[in-house]
Undergrad: 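Next up is a structure, given as structure tokens.
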Amino acid sequence: ASYEVHMERHIWAGAGSPAARRQHLAQLAGEIKASINGVTEHLFPTLIAGVFAVWSLESVEMVDQQPIYRTPRPVQVLAIFRPLGVDEQVSWLTSVWNFGTGLVSSRHKPKPLDSSHLIQIKTGEGKSVVLGVLSTVLAILGCKVDCVCFSHYLSERDKKAFQTIFECFAVSSSVDY
């Protein structure tokens, strides 16, 4: 399902107690994780959209009794898609998935992320969100993720901001900041 479909189906999750919302988000995360069986190239954008949807639903704020949802910015989506080669015939994500699940032999290890595909994200455009969503996606795929930052304060802030999402997808032990 796309980001919009997840949001339409689960938008009411912003209502109710925090415990009920967290339980609902964990259920949605479980559905998203379960959907990656039988991997295809089209599944990765769907997985990324699902993680963004859980992030949007989890970060809801109430203003004058109206829910305000954060939405992913185009630069954030591009900053995840481009280095992972989502637009390529065989993406980096597919090679990692195939290797991790034993669909290819160990001599065909995935190539490292291509550093020639960097994207600039300006101040205030959501670098922390990109790291959190990307960390979640990679951890769902079985990767161990280390997020490194020059600032201990920013690392702690970002980890705390995404902790609920990591817990919803049951990947907390796979992501270190």
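Both backbone and side-chain heavy atoms feed into the values below; hydrogens, waters and symmetry mates do not.
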Undergrad: I need the Ile165 CD1 to Glu58 CD distance, nearest 0.5 Å.
TA: 4.5 Å
Undergrad: For the residue pair Arg70 and Ser56, what are the closest heavy atoms and their distance?
TA: O-OG, 2.6 Å
Undergrad: Do you see a donor-acceptor pair shorter than 3.5 Å between the side chains of Arg157 and Ser128?
TA: yes
Undergrad: Honestly curious: do Phe81 and Val51 fall in one hydrophobic cluster under the side-chain, below-4.5 Å linking rule?
TA: yes
Undergrad: To the closest 0.5 Å, what do you measure between CZ (Phe52) and OG1 (Thr71)?
TA: 9.5 Å
Undergrad: Taking Lys159 for the side chain and Asp176 for the main chain, is one N or O donor matched with an acceptor at less than 3.5 Å?
TA: no
Undergrad: If you take all heavy atoms of Gln76 and Glu125, which pair is closest and at what distance?
TA: NE2-O, 3.2 Å
Undergrad: Got Ser135 and Tyr177 here, is their nearest side-chain heavy-atom distance under 4.5 Å?
TA: yes
Undergrad: Applying side chain to side chain contact (heavy atoms under 4.5 Å, CB included) between Val137 and each of Ile48, Val145, Val171, Ile80, report the one that passes.
TA: Ile48
Undergrad: State, to 0.1 Å, how close Pro67 and Met62 come at their nearest heavy-atom pair, and which atoms those are.
TA: CA-SD, 3.6 Å
Undergrad: So which heavy atom on Arg73 is nearest to which on Gly126, and how close?
TA: NH1-N, 4.5 Å
Undergrad: So, does Gln66 use its side chain to make a donor-acceptor pair with the main chain of Val63 at under 3.5 Å?
TA: no
Undergrad: What is the minimum heavy-atom distance between Phe162 and Val133, and which atoms define it?
TA: CE2-N, 3.7 Å
Undergrad: In terms of heavy-atom contacts, does NZ of Lys160 have more than 12 from other residues, nucleotides or ligands at under 6.0 Å?
TA: no
Undergrad: Identify the two heavy atoms, one from Ala29 and one from Cys168, that lie closest to each other, and give their separation to 0.1 Å.
TA: CB-O, 3.3 Å
